[in-house]
Amino acid sequence: MLSFFRKKTSEDLTTVSPSSTKASPLVGPNGAVSPAPTLQELGYRNANDLRETIYDFLRTIRDPEKPNTLEDLAVVYEEGIFVNEPTPGNVNVVRVEFNPTVPHCSLATLIGLCIRMKVERNINHNLKLDIYIKKGAHTTEDEINKQINDKERIAAAMENPNLKQLVENCIKEED
């Protein structure tokens with residue numbers, strides 16, 4: 001799966017991807033930065049409510065190779081979602097940790113991409129999302145963590161029609 005990720009060329013970087021504006025602060029007409037809404041203003045009772053909401057989205061992602069969900073395989077788990085302190089602009093920061101089924105899982109990058117796409121499509125407010133493989137759970141975790149948290153590589157991956165279709169199949173909601 002690593003071959004699907006490529007670095008953007010300088011020409012590619014001149015276009016703005018939808019994910020590149022996800023966590024930017026709100027800037028008013030006079031240039032002043034206004035704080036983003038609080039969790040309560042967004043409809044969550046507290047940070048735990050946001051964590052549970054995100055887990056509910058992630059638990060339904062289908063494994064790319066098996067007929068199981070990531071929850072069934074214990075790849076995602078509620079204790080692996082952390083709501084951290086908001087940024088100075090009050091953008092919520094969420095860290096999602098996942099555990100591939102084997103230390104040499106060739107689809108770990110695809111799973112990380114599915115996690116990112118599922119959250120970004122279902123959370124309709126600014127959110128800084130960090131996705132990581134559980135420490136010590138994969139032989140190339142540092143390289144994969146870097147790829148699945150790089151906006152340009154994510155945008156490039158989602159431009160690949162074959163990879164995009166794989167992601168869509170994994171994250172679609174079952175009837």
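It should be emphasised that the depicted structure is a prediction, and the values quoted were computed from it without experimental measurement.
No donor-acceptor pair closer than 3.5 Å links the side chain of Arg62 to the backbone N or O of Asn169. Judged by distance alone, with hydrogens and angles left aside, the side-chain atoms of Lys134 form no donor-acceptor pair with the main-chain N or O of Asn99 at under 3.5 Å. For Gln40 (side chain) and Arg45 (main-chain N/O), a donor-acceptor pair under 3.5 Å exists by modelled atom type. Although no hydrogens or angles enter the test, the distance criterion places no donor-acceptor pair under 3.5 Å between the side chain of Asp150 and the main chain of Lys146. Between the Arg95 side chain and the Tyr132 main chain, no donor and acceptor come within less than 3.5 Å of each other. Looking only at distances, no side-chain donor or acceptor of Asp49 sits under 3.5 Å from a matching main-chain atom of Asn46. A donor-acceptor pair is defined here as one N or O able to donate and one able to accept, closer than 3.5 Å; such a pair exists between the side chain of Asn149 and the backbone of Ile131.
Side-chain contact between Leu163 and Leu113: present, with at least one pair of heavy atoms (C-beta onward) separated by less than 4.5 Å. Side-chain contact check for Asp63 versus Leu70: some heavy-atom pair is nearer than 4.5 Å. Using a 4.5 Å cut-off on side-chain heavy atoms (C-beta onward), Ile154 and Met117 make contact. Looking only at side-chain heavy atoms (C-beta outward), Ile133 and Pro100 come within less than 4.5 Å of each other.
Here CG of Leu58 is found 5.0 Å from CD1 of Ile61. Values are rounded to the nearest 0.5 Å. Of the inter-residue distances, the one linking Lys118 atom NZ with Thr60 atom OG1 reads 3.5 Å to the nearest 0.5 angstrom. The OG1 atom of Thr87 sits 10.5 Å away from the CG atom of Leu127 when rounded to the nearest 0.5 Å. The line from NE2 of His138 to OG of Ser106 is 7.5 Å long, rounded to the nearest 0.5 Å. Expressed to the nearest 0.5 Å, how far OG1 of Thr109 lies from CZ of Arg153 amounts to 10.0 Å. Summarising the geometry, atom CG belonging to Leu129 is positioned 11.5 Å from atom CG belonging to Asn92; distances are rounded to the nearest 0.5 Å.
Between Glu85 and Val93, the shortest heavy-atom contact is O-CG2, 3.5 Å. Taking both residues in full, the closest heavy atoms of Cys114 and Ile171 are given as O-CG2, 3.6 Å, listed atom of the first, atom of the second, then distance.
At a cut-off of 3.5 Å, with distance as the only test, no side-chain donor of Asp56 or Thr53 sits close to an acceptor on the other residue. Side-chain contact, Glu71 with Tyr55: a donor N or O sits under 3.5 Å from an acceptor N or O.
No salt bridge links Arg59 with Glu52; every basic N to acidic carboxylate O contact stays at or beyond 4.0 Å.
Among residues at least two apart or in separate chains, there is no ring-ring contact (aromatic ring centres under 6.0 Å, His included) pair with a member in residues 75-113.
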Query - side-chain contact (heavy atoms from CB on, under 4.5 Å) assessment of Ile54 paired with Ile123 - result: CA-CA 8 Å; Ile54 290 172; Ile123 299 293; 4.2 Å; yes
